[in-house]
Amino acid sequence: MGRYGMSTAIAAGDGGGCLPMPIIAAEAALAVIDASISVAAFVQLARIHRHDQHGWTRQKLFHFMIGLCNLVFLVYFVSTIIATCERWLCWVHGCGFVLMASPQILLLASFLLLLSFWVDLCHQTNDEDEEDTRSHHEVLLDRTKTKPGIHAVDVHRRCCPGVQLGSRQKFVILVLLLSFVVTIAFAILIWIGRGENPIDSSLLKRVYLDVFSVVVLVLGGALACYGAILFSKMSKVRSETGSSEKRKVASLAAVSLICFSSSAILALATNVPVLVYWYSTDADIINNAVILFMYYFIGSSIPSGFVLWVMKDIPHRQTVERPTQSRVVTLFRDRPTTQDPQWRTAVTSSNKALKSSPI
């Protein structure tokens, strides 16, 4: 069975130039689903922001990225139907490819970000266990040292309070930028390949789809592995909310593994998501429409909706501790404190890290 061009290309043999009705119905259904997820994400984001207006948090960041991702998916599906009927030349030879890849990259970045937080949490507990062996004298010395770059850290905390960007989060940002650069480069080559030259546009699209599917497959496995590690670590810590958080981690890891693996295998086996719908009979049309719907529904809609459901809880308001202890210290100078609060925090930080929500 031959496959030629993008899914947005004009189907050969269709006199009107539009896609067959089953494929239009599949893309329209996907557009409605993505619109619902996007609205739910932004409404929940506004609700969380009204409750906690202390800058960006991981919960707000995930809601924003999921909402933006599904909004771009909505624009893509609607534009596909219109551009195919109107025979937009740019859409067929590059523009449609960029718009198709953009929401997938945003979704990939969202779950890469989740993976980076899980990796940090798993390694943080081990690192902090070693830090607990430091003496009280070393902790006091650390407080008196002037750390280089402290002003830059203060600027970041004022701009984005609540979100700590470590090396792994910066790596995710780099991957996001490089993915868009690679996508634009592929789109340029696809545009060049429309002329008389050795560049095969359909081959470029298959290569892009295969590479992206392998990355998604690896991401699903990594989320499952670190989800299992985090679940085992959380099982050793007693907490009131520990059981619910463990269920969230386990279910999110399982959904990520099943959905990403299924969509990646489906794409590698069929190549339908980025290639034209080859058909000669009504059975081929229905088959391609089903594959298209299952690929996007399993690979993007279910994971996006499940993340929103897991993060639906409103965070607790943070209580501001008033500095009333300073008066007690001045009254009892003859009995100085033998332990520093920062030292006590360091001792129990590993347990607190696991007790807090890893989602």
Side-chain angles (χ1 to χ4, degrees), residues 34 37 41 58-59 61-70 72-73 76 100-124 163 165-183 186 205-233 248-274 294-311 358-359:
D34 290 327
I37 296 176
R58 284 185 295 177
Q59 190 179 23
L61 183 61
F62 279 115
H63 276 81
F64 175 77
M65 294 187 68
I66 293 297
L68 180 62
C69 167
N70 285 271
V72 181
F73 266 125
Y76 167 70
M100 176 209 68
S102 297
Q104 293 180 335
I105 295 174
L106 290 174
L107 184 67
L108 177 68
S110 302
F111 281 86
L112 277 176
L113 192 63
L114 177 64
L115 177 63
S116 69
F117 286 130
W118 282 7
V119 173
D120 283 343
L121 191 56
C122 289
H123 291 284
Q124 177 185 2
V163 179
L165 293 181
S167 58
R168 295 182 180 89
Q169 286 75 45
K170 294 177 182 178
F171 176 75
V172 172
I173 297 175
L174 179 61
V175 170
L176 177 63
L177 296 177
L178 290 178
S179 299
F180 277 110
V181 171
V182 171
T183 299
F186 267 84
K205 297 161 192 172
R206 286 196 295 269
V207 170
Y208 178 88
L209 177 65
D210 292 343
V211 173
F212 187 83
S213 300
V214 171
V215 172
V216 170
L217 191 63
V218 173
L219 175 61
L223 284 170
C225 292
Y226 274 97
I229 295 174
L230 189 58
F231 180 84
S232 63
K233 289 180 176 293
K248 290 180 181 179
V249 170
S251 58
L252 188 55
V255 168
S256 300
L257 176 64
I258 295 173
C259 292
F260 289 155
S261 300
S262 301
S263 63
I265 293 174
L266 187 63
L268 291 172
T270 64
N271 287 330
V272 166
V274 297
M294 294 300 295
Y295 172 77
Y296 284 107
F297 182 73
I298 295 176
S300 63
S301 300
I302 293 180
S304 299
F306 193 79
V307 168
L308 294 182
W309 180 79
V310 168
M311 297 185 177
I359 305 299

Quick check: are there more than 12 heavy atoms from other residues, nucleotides or ligands sitting under 6.0 Å from CZ of F306?
yes
Would you mind reporting whether [Y] and [X] have side-chain heavy atoms less than 4.5 Å apart?
| X | Y | value |
| --- | --- | --- |
| I105 | S102 | no |
| Y296 | Q104 | yes |
| W309 | V255 | no |

If you compare all heavy atoms of [X] against all heavy atoms of [Y], which two are closest, and at what distance to 0.1 Å?
| X | Y | answer |
| --- | --- | --- |
| V307 | F111 | CG2-CZ, 3.5 Å |
| H63 | Q59 | ND1-O, 2.8 Å |
| S301 | I37 | O-CD1, 3.5 Å |
| D120 | Q169 | OD2-NE2, 2.9 Å |
| L112 | V172 | O-CG2, 3.7 Å |
| G299 | L107 | O-CD2, 3.4 Å |

Mutual orientation of the aromatic rings belonging to F212 and Y208 [parallel < 30°, tilted 30-60°, perpendicular > 60°]
parallel
Whether the side chain of [X] engages the backbone of [Y] through a donor-acceptor N/O pair (distance < 3.5 Å, no angle test) should be reported.
| X | Y | result |
| --- | --- | --- |
| S251 | K248 | yes |
| S263 | F260 | yes |
| S262 | C259 | no |

To the nearest 0.5 angstrom, please state how far the [atom1] atom of [X] sits from the [atom2] atom of [Y].
| X | Y | atom1 | atom2 | answer |
| --- | --- | --- | --- | --- |
| F180 | L176 | CZ | CG | 5.0 Å |
| C69 | I66 | SG | CD1 | 6.0 Å |
| F297 | D34 | CZ | CG | 10.0 Å |
| F186 | L209 | CZ | CG | 11.0 Å |
| F171 | L174 | CZ | CG | 6.5 Å |
| I229 | W118 | CD1 | CH2 | 11.0 Å |

With sequence neighbours excluded, residues passing side chain to side chain donor-acceptor pair (under 3.5 Å) with Y226
none
What's the verdict on side chain to side chain contact (heavy atoms under 4.5 Å, CB included) for L223 and L257, showing C-alpha distance, side-chain angles and the deciding distance?
CA-CA 7 Å; L223 284 170; L257 176 64; over 6 Å; no
Please test L252 against L114 for side chain to side chain contact (heavy atoms under 4.5 Å, CB included), starting from the C-alpha separation and ending with a verdict.
CA-CA 10 Å; L252 188 55; L114 177 64; 3.4 Å; yes
